[in-house]
Protein chains: 4
Amino acid sequence: MPEKTAKNHDVTEKSTINHRTIVGQNRRTKTRTRIIEGALQVFAEKGPDAPVIDDFIQASGIARGTFYNYFDNTAELLSATSDWLADDVANAIEAEVSRIKNPVVRHGVAIRLFMKKAQSEPTWCRFIATIWFQKGFAIDGPMRDIQLGIDSGDLSCPSAECGWDLTFGTLRQVMIRLLKQPELIKTDYVDQIIDTILIGLGVTSTLRKEIFSYEWPKLRPTKTLARI
Amino acid sequence: MPEKTAKNHDVTEKSTINHRTIVGQNRRTKTRTRIIEGALQVFAEKGPDAPVIDDFIQASGIARGTFYNYFDNTAELLSATSDWLADDVANAIEAEVSRIKNPVVRHGVAIRLFMKKAQSEPTWCRFIATIWFQKGFAIDGPMRDIQLGIDSGDLSCPSAECGWDLTFGTLRQVMIRLLKQPELIKTDYVDQIIDTILIGLGVTSTLRKEIFSYEWPKLRPTKTLARI
Amino acid sequence: MPEKTAKNHDVTEKSTINHRTIVGQNRRTKTRTRIIEGALQVFAEKGPDAPVIDDFIQASGIARGTFYNYFDNTAELLSATSDWLADDVANAIEAEVSRIKNPVVRHGVAIRLFMKKAQSEPTWCRFIATIWFQKGFAIDGPMRDIQLGIDSGDLSCPSAECGWDLTFGTLRQVMIRLLKQPELIKTDYVDQIIDTILIGLGVTSTLRKEIFSYEWPKLRPTKTLARI
Amino acid sequence: MPEKTAKNHDVTEKSTINHRTIVGQNRRTKTRTRIIEGALQVFAEKGPDAPVIDDFIQASGIARGTFYNYFDNTAELLSATSDWLADDVANAIEAEVSRIKNPVVRHGVAIRLFMKKAQSEPTWCRFIATIWFQKGFAIDGPMRDIQLGIDSGDLSCPSAECGWDLTFGTLRQVMIRLLKQPELIKTDYVDQIIDTILIGLGVTSTLRKEIFSYEWPKLRPTKTLARI
DNA sequence: AATGAATGAGAGTTCATTCAT
DNA sequence: GATGAATGAACTCTCATTCAT
C-alpha cells in the first residue's frame, strides 16, 4: 500500500532500508568480532571447559544478553573461535609457502612459520596447544604435502598419517614446553626439534639445508581478526 | 582418636581395638580403591573437568557423603588417580626393562611396552592421552635413558628435552589416533611410528633391530589396582 | 501533533499534511490489524500466558520495536484481541437473530449459531474455550434474553445467572471436547447437548422444535477482521 | 568383607541401615508433602503458568535446590499436586456415596458433596475451577454412574459424554462464579443449579427429592494431605 | 512509523558441600 | 565410617524493553 499511495517516497524509503540494513550488518560484524577477540584470550587462559559466560562478556565488554544474540553456548563460541583461527593460520601460511614447489620443502617451511607464530604470539600458542589439538580441529595442507613427499621419494616415512603424527605430535609438545619454559623461545630449540622431526621423516640433509635457508617476512599477527 | 583412648584399657580391650583399627583401615583402603577404580573410568570417558561428584559416586557405588571422607574435591581425586597410574605404569615397565643394559635399547623397549598397554587397554589409553599429558604428570625413567643415550653417542638428538618431546609428543598423538581409529590397533602402525621416532633420535639400524627383536610377557593389567 | 501544527500552514500544505495523516492512519490501522490477526493464532495455540513477544512479531511479520508502537505488553494485546472478537461474534450473531421475536427462541438460535462457528473455525473455538471464558470476557445478549424468558414464563430456571452458567458452562465444556475429539464435529453431538441444555432451562418441546427448525446462512468467518 | 570379620556387628549394622532408610524415607515424604501443600496454595492463587520456582520454595520454606530433589520443573509439581487432589477428592466422595445403590442418586449426591467442598474450601475450589478442568485431569466415577443411569432409564440424556459435559461444565462455571461472588456461597444457589442440571439430565422429581433429602457429615478437609 | 541490536533483570537449573542420623 | 537429604552460591539462559538509526 505505501508503495502506491506514496510513490514519491519510494526512493527515500528504499534507500533508508538499505542503509539501515548495511548499518545493522556492520554493527553485527563488529560485535561478533569483539566477542571472538575476547574469547580467544579467555580460552587461551582458562582452557576450553572452565570459562563461564561471564568471562566472555567481561572480556569483550558486552551485555549478558548480547552474547546469546550471537552464540547459543560456549561450545559454539569455541568452535567459531577455532574456525576463525584455523582459517587465519592456514591462509597466512599458505600465502607464504604457495610459491615453493617441492612439497617437502614447503612442508618444512610451513611448520617453521607455524612455530614462528607460536613463538611470537603466546596467546595464539596457548590456544593452539591446549585447545585446538585437543578438539581435533585440523588443517589439511600438511597432510597433502607429506603424502606428495612420500610419493616423490623425498620422504621415507611409512605413511602420511605416520608423518603427520610425528610432526604435529612433537610440535604440540614443544608448544606446551615453550609455554612453561618461555626462556626457550629465544633459543634455537624450535629449529633443532624441527630438524629432528625432518630426520625422522627421512628428509635428506640437502633439503633440510634448503628449508632452513629460507628467509621470510613475519606472518601478519592474528590480533587483527581482519576477516570474519 | 582410638590410639589415644586405648591407653587406658586392659589387654583384652586393647586387642579388640587393634582389631577394629585394622578392620577399619582395610575398609578405608578398600573404599578408597573403589573410588579410584571408578574415577579412572569416569575421567577417561569425560575428561578432567567435566565430571561431577555424582559421576564418581555412581561409578563406585558409594554414598555422596562418603566421597568427602576420602577426597576434598575432584582435583584431588584426579591427582590421586594419576599418581596411582604413574606408579603403576612406571613399576610395570621398569620391572620388564631393568635387566636391559643399553639405555637406548631400554628406552626403545620401554616405549614399545608403553604402547602395547595403550593398545590393549582403551580406558588406560584414553586417560593417558587426554588427561595425563595435559596435566603434565611425568615419569622420569625415559628422560634419564635418553640423556644416557646422548652421552654414550647412541642417540644423536640435540638434547634430552628434544628427544623427550619427539618421543612422547608423537606417542600421544598416536594414542589419540588409536582411540579414533581402533582398527589400527591390530596393525603394525604403532611399531612403524616407533621406528620413525627412533630414526629421528638417530638410533642406528642395528640397535633398532635389537629393540624390535625383544619378546615379552604382557604387562599385568592395570585393572587390579593392587597397591594403593 | 499534526493537527496542531497544520493550523499554521496554507491550504496546499494543509492538504498534503491531511493526505499524509490519512495515509499514516491507514498504515497504522493495517499494522494493528496484522498484529491482532497474528495474535489470535498465537493465543489460540499457546494460551494466554505462554506466548512471548517474539511469537507475535513472528506471526505478524513485524519488527520487534514496532510491536511497542501499538501495545505496551501482551496483556494489552490479549485484551484488544478479545475485545475485537467479542465485538465480532456479538455483531455476527446479533445480525442473524435480531429479527426473532421470542427471546427464548432467540437465545436458542443464538447458541446454535455460536456453536456452528465453533465447529467451523477451530482457531476461534480454541481461543474462546481456553482464553475468553477464563479471562471472564462477556457478551450480554444471552443474559438479557434468558431474563426475558424467565419473565415471560417460557424458561423455568431459578435465575438468569443459573441459566447462564448452565448454558455457557456446558458449551465451553463441549468446545473443549470438540478440540480433543474433532470427529464429533460432523455429528449431531452439539445439537443434542443444546437440546439437553434447553430441557434443563425448562423450554417446552414446541419451542425447542422451533429453535431447531431454523435454517441460516453460515456466519461470516472471523478471519476478515474487517472492523478494528 | 565386613560381614565376615564383624559377624557380631551384623545385626547392629543392618538395623542401623534399616533405621537410616526408614528415617530417610520419612523425611522425604514429609518434605514432599510440604512442597505439595505449599504448591496447592500457590497454584490456586496464581494459576498453572504464572508461578515461579521461588513461589514454591517460599510457600513451603525449603531451599531452592531441595525443590529439584523432588520435582524437575513446575509442570511436574502441578501434575503431582493434581494427582494428589484427584485421589483425595475421589476417595473422600467415594467413601460417602458408595453405600448408595441407585447410580443416579449416587451421582446427584456426589456432585452435591463436590460442591459442598467447593463452598467450604476456597483454595480447593479455585484450584479445581481454574486448573484441574483446564488441564483435563479426570475422575471416572461420575462418568460410570451417568452411563449406568442411562442404561437403567433413570437418565434421559443422549449420551454419557453429554451428561458429563452438562454436569461438570456447569459446575465449573458455578465454581468460578462463587469465587467472584462469594456472597452466593451461603445461599442455595448451588443446590438450585444442581437441580437444574438434574432436570437437564432427565431425572424424575422423585429421585431429585431423594438426592436433596440426604444428610451427610462434612467431607474431611483437604488441608490434611494425610496420604501421599 | 519501522527497524533490530543491545540491554540486564530475573527465571531456571546444577552441583559442591554440609551435617544430622 | 557411611549415608543421603538439605542447602545455596554460581551458573545458564530467556525475554521484555529501550533506543539509535
Side-chain angles (χ1 to χ4, degrees), chain A residues 2 6 9 13 16-17 19-32 51-55 57 61-74, chain B residues 20 23-25 27-28 30-32 51-57 62-75, chain C residues 20 23-25 27-28 30-32 51-57 61-75, chain D residues 2 9 13 16-17 19-32 51-55 57 61-74:
Chain A
H9 291 308
E13 189 148 83
T16 303
I17 286 170
H19 180 241
R20 264 209 295 263
T21 307
I22 290 166
V23 168
Q25 282 178 348
N26 281 346
R27 212 170 163 194
R28 271 194 83 78
T29 304
K30 257 180 91 178
T31 305
R32 194 168 195 273
V52 297
I53 302 287
D54 248 64
D55 295 325
I57 70 175
I62 56 161
R64 182 164 285 275
T66 304
F67 178 89
Y68 288 97
N69 288 338
Y70 292 88
F71 302 98
D72 278 350
N73 44 55
T74 61
Chain B
R20 274 193 201 149
V23 168
Q25 282 178 347
R27 210 177 175 187
R28 252 197 99 73
K30 247 191 116 182
T31 306
R32 196 168 193 273
V52 297
I53 302 284
D54 242 67
D55 295 325
F56 298 118
I57 68 174
I62 58 161
R64 182 164 287 272
T66 305
F67 179 89
Y68 289 94
N69 289 334
Y70 293 88
F71 302 97
D72 278 352
N73 46 53
T74 61
Chain C
R20 274 192 201 148
V23 168
Q25 281 178 346
R27 212 177 173 185
R28 253 195 101 72
K30 247 191 116 180
T31 306
R32 196 168 193 274
V52 297
I53 302 285
D54 242 67
D55 295 325
F56 299 117
I57 69 174
I62 58 161
R64 183 165 287 273
T66 304
F67 179 88
Y68 288 94
N69 289 335
Y70 293 89
F71 303 97
D72 278 351
N73 46 54
T74 61
Chain D
H9 292 307
E13 190 149 82
T16 303
I17 287 170
H19 180 242
R20 264 210 294 265
T21 307
I22 290 166
V23 168
Q25 281 177 348
N26 282 346
R27 213 169 163 195
R28 270 194 84 77
T29 304
K30 255 180 93 177
T31 305
R32 196 169 192 272
V52 297
I53 304 286
D54 248 64
D55 295 325
I57 69 174
I62 57 161
R64 183 163 282 275
T66 304
F67 178 87
Y68 288 96
N69 288 339
Y70 292 88
F71 303 97
D72 279 349
N73 46 53
T74 61

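Each chain gets a letter, A, B and so on, in the order its sequence line appears, and its residues count up from 1. Hydrogens, waters and symmetry mates play no part in the numbers below; they use all other heavy atoms, side chains included.
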In whole Å, I'd like the distance from the NZ atom of D:K30 to the P atom of F:dA6. 10 Å
Rounded to the nearest Å, what distance is computed from the CZ atom of residue C:F71 to the P atom of nucleotide F:dA16? 15 Å
Here's a test of your reading of the structure: between B:Y70 and D:R27, which maps to the more 5' nucleotide of DNA chain F? B:Y70
Can you see which heavy atom on D:I62 is nearest to which on D:F67, and at what distance? CD1-N, 3.7 Å
Give the stems involving DNA chain F, where a stem is 3 or more consecutive Watson-Crick or G-U wobble pairs (i with j, i+1 with j-1, and so on) under 3.5 Å. E:2-21 with F:2-21
Per-nucleotide protein contact along nucleotides 12-18 of chain E, 5' to 3', at a 4.0 Å heavy-atom cut-off (B base, S sugar-phosphate only, - neither), is BBBSBBB
Taking atom P of F:dG1 as reference, at what distance in whole Å does atom CD1 of B:I57 sit? 19 Å
Distance below 4.0 Å between A:T31 side-chain N/O and E:dA6 OP1 or OP2: yes
Which pair of non-hydrogen atoms, one from A:F71 and one from A:R32, has the smallest distance, and what is that distance? CE2-NH2, 3.7 Å
Specify the separation, in whole Å, of atom CZ of A:R28 and atom P of E:dT3. 17 Å
Pick the nucleotide of DNA chain F nearest each of D:A63 and A:F67; which residue has the one closer to the 5' end? D:A63
